[in-house]
2 protein chains.
Amino acid sequence: MVTIKEVAERAGVSPSTVSRVISDSPRISDETKQKVRRAMEELGYHPNAIARSLVNRATNTIGIVMPRSAEDVFLNPFFPEALRGIAKCTHDEGFCVLLTTGNSDDEQIESLLSVVRGGRVDGVILMYSKLDDPILEMLTEMNIPFSMIGRPTISEDINFVDNDNVNAAYEAANYLISMGHRRIGLINGSLNLVVSIDRYEGYKRALAKNKIELDESIIMSSEFVQEGGYESMKKMLSVENPPSAVLVTDDLIAFGAIRAARDMKVKIPDEMSIISFNNIPLADFATPPLTSVDINAYSLGYKAAKLVIDDIKGKKHKPSCYIVETRIVFRDSVISKNNIS
Amino acid sequence: MVTIKEVAERAGVSPSTVSRVISDSPRISDETKQKVRRAMEELGYHPNAIARSLVNRATNTIGIVMPRSAEDVFLNPFFPEALRGIAKCTHDEGFCVLLTTGNSDDEQIESLLSVVRGGRVDGVILMYSKLDDPILEMLTEMNIPFSMIGRPTISEDINFVDNDNVNAAYEAANYLISMGHRRIGLINGSLNLVVSIDRYEGYKRALAKNKIELDESIIMSSEFVQEGGYESMKKMLSVENPPSAVLVTDDLIAFGAIRAARDMKVKIPDEMSIISFNNIPLADFATPPLTSVDINAYSLGYKAAKLVIDDIKGKKHKPSCYIVETRIVFRDSVISKNNIS
DNA sequence: TGTTAAAATACAAACGTTTGCAAAAGATCT
DNA sequence: AGATCTTTTGCAAACGTTTGTATTTTAACA
């Protein structure tokens, strides 16, 4: 490995001069800069990031915490998509991305802990928001810059990015109602995720606003996977008075739900309308193409990264939050009930 | 930040002793170890990974290179799934994962370059194999431990993990043939990816073995995305004598192909059988459920990580390779032609 | 040709570790 | 009690940078 000293020697200057050339300090004459740069060139010198980090006390790296093990995560396109946004922003800002992993909650925590205590990252992005999350607690305690994707429930000063999920769900449900549906089911994700809570709230508000009574028998919650959607839809359809439409809080779940409907010979959208969330790339290729709420996961990621990085750079002194827009992408899984009857 | 010195002072020993306690050196008496450990506990000490890296010349981190920008990548579940395997292995081995990104080929290269030259990673995993890849060249030149997912074409000594793609495609095509199909199309991925080349080869061999002549008009190649599959299938169906079955080299492409078939009112599998590759989670939820070759992306990732790490640790002195098994997952997108006629 | 100010560069300490070698302490033997 | 060996600990250099301060060089002026 070629070091700053060797460059210095070759250029006939001192190491400090080389260092200042690297940072393009005005204290060094142009003549010397040329000389040093040539030496660097000839030797194939590249600054050692580790040494630099040590003295600067900055690694230019941010750590990413995904839910649980990375296991379940990657099955859902939401995370990759958000990660894409994160990667874009970090790269733009000259930062690296370090993945934190673990095969259990404990391992996950231990992994994060070692990474931040070890000083390997300058900040952290928490890619989800759930109730009573020990990681969130840790992060605030450790006093390291971080931001999260999803609204925090503890109302401390925390950087976060989120959709307005209650409103988004409100509008989705409202859309169903505007299409003439009065009996509307809900297939939700796990209720300890605040995104699920919020969408549930929006659903409730839409029904209330339209004087539709809540019926617990057509409100389910499942894990964020297809199987959950499959089971939920089966239950939904075996209720004495099944809904004519259902709001599903995740496309993957919706895929499962569609499959269940097909298996039970109920036609979508003719006998059952479906609107769901996330607008994954495959939504367009479902049968029928899925009407879905686009949450702009990419922006969610990008902004989350921007928030931590600004925090790290000390640009913002107050915690900030950012709400990214959602929009319904209309496809063919919802039908107007008025037209039929 | 609490350092080794403060711990030393508190415990009444020298910094070097503390260091040796950390590494549990036998040279330190148990008594002293107790004392030092207590001091560490009380002060909440944690070793600084950066400083450690500097002297050890090891970061315990491996860099991941994905195709191009991370952009396209994450849309395809293959990469997340492989990443999952990588994450598992690295974690098991006490390594971290650093993502290398960039929004263009050049940026990608520059990003990788700065990361390895900067000494931020001990090794690298290249998640794909394509023809004339400048990155591959760089990696070998720089003389850093690395492994790749996918067979390298330049026959240098390179660690890699791969499926036996020619055989896998051979068997897939053979399966179609065994089901009575004689006219079989191919919808392939981009031909500068060696995985595509290999699967093409397997397809050709199967046809040759069964004395079926190759017909270029029903051989397409598209990008690894749904749209490509959509277009390819449209073309395939508008040929004067369309095939009764098609081998698709990626599930995502297959989704697009299915959609195209549906749009053109050709029934799957009745009028067109489809077998594809990768067996993504959603394959089961396609209409009809997709018969697909499972390539075990998780293992591919896990093994690739194992290979670099072994290399880094100097366990293996020779480059090694590892072939992971594939298996056809039979679902409902292929029908026997014999039964019909 | 000194004197002084400005510009350019060098010195050395610091960042938090690890580790070879030296030193001190304790044990064993005669 | 001294010599010798072993065990335990400490010293100091090193890893490759950055940066405050000191020093040298150059230029400008009288």
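Lettering of chains follows the sequences in order, A, B, ..., and the numbering in each one begins at 1.
- Rounded to a whole Å, the CG atom of Leu54(A) is 17 Å from the P atom of dA14(D).
- Side-chain atoms of Arg27(A) and Thr17(A) form no donor-acceptor pair, as typed in the model, at a separation below 3.5 Å.
- For the pair Ser14(A) and dT9(C), the criterion of a side-chain N or O lying under 4.0 Å from OP1 or OP2 is not met.
- Between Ile4(A) atom CD1 and dG16(D) atom P there is a gap of 11 Å when expressed in whole angstrom units.
- With hydrogens and angles ignored, a donor-acceptor pair closer than 3.5 Å exists between the side chain of Arg20(A) and the base of dG20(D).
- Between Ala51(B) and Pro15(B), the residue anchored nearer the 5' end of DNA chain D, judged by the nucleotide with its closest heavy atom, is Pro15(B).
- Across the protein-nucleic acid pair, Asn48(A) atom CG and dC15(C) atom C1' stand 13 Å apart, rounded to whole Å.
- In this structure, Lys5(A) atom NZ and dT9(C) atom P are separated by 21 Å, rounded to whole Å.
- In this structure, Ser16(B) and Ile28(A) both approach DNA chain C, and ranking their closest nucleotides by distance from the 5' end singles out Ile28(A).
- Judged by distance alone with a 3.5 Å cut-off, a donor-acceptor contact links the side chain of Arg27(B) to the base of dG10(D).
- Of the candidates dT9(D), dA10(C), dG16(D), dA10(C) carries the atom nearest the Val13(A) side chain, counting heavy atoms from C-beta on.
- Nucleic acid contact class of Ser29(B) (heavy atoms, under 4.0 Å, all strands): sugar-phosphate only.
- Under 4.0 angstrom from either OP1 or OP2 of dA14(C) there lies no side-chain N or O belonging to Arg57(A).
- Just one of Val124(A), Ile158(A), Asn159(A) meets the side chain to side chain contact (heavy atoms under 4.5 Å, CB included) condition when paired with Ser147(A); it is Asn159(A).
- Atom CG of Asp132(A) has 12 or fewer heavy atoms from other residues, nucleotides or ligands within 6.0 Å.
- Rounded to whole angstrom, the span from the CG atom of Leu43(B) across to the C1' atom of dG16(C) amounts to 15 Å.
- Of the inter-residue distances, the one linking Ile64(B) atom CD1 with Leu126(B) atom CG reads 10.0 Å to the nearest 0.5 angstrom.
- Thr3(A) comes within 4.0 angstrom of sugar-phosphate atoms only, judged by non-hydrogen atoms across all strands, and of no base.
- Ile50(B) has its CD1 atom 11 Å from the C1' atom of dC15(C), to the nearest Å.
- No hydrogens or angles were tested; on distance alone, nothing pairs the side chain of Arg52(A) with the base of dT18(D) as donor and acceptor under 3.5 Å.
- In this structure, Gly12(A) reaches the sugar-phosphate backbone alone: every heavy-atom distance under 4.0 Å involves primed, P, OP1 or OP2 atoms, never a base.
- Defined by atom type and a distance below 3.5 Å, a donor-acceptor pair is present between the side-chain atoms of Ser190(A) and Asn192(A).
- Whole-Å rounding puts the Arg120(B) CZ to dG16(D) C1' distance at 15 Å.
- One can place CD of Glu6(B) at 10 Å from P of dC15(C), the figure rounded to the nearest angstrom.
- Annotation: of the two residues near DNA chain D, Pro26(B) and Asn56(B), the 5′-most nearest-nucleotide partner is Pro26(B).
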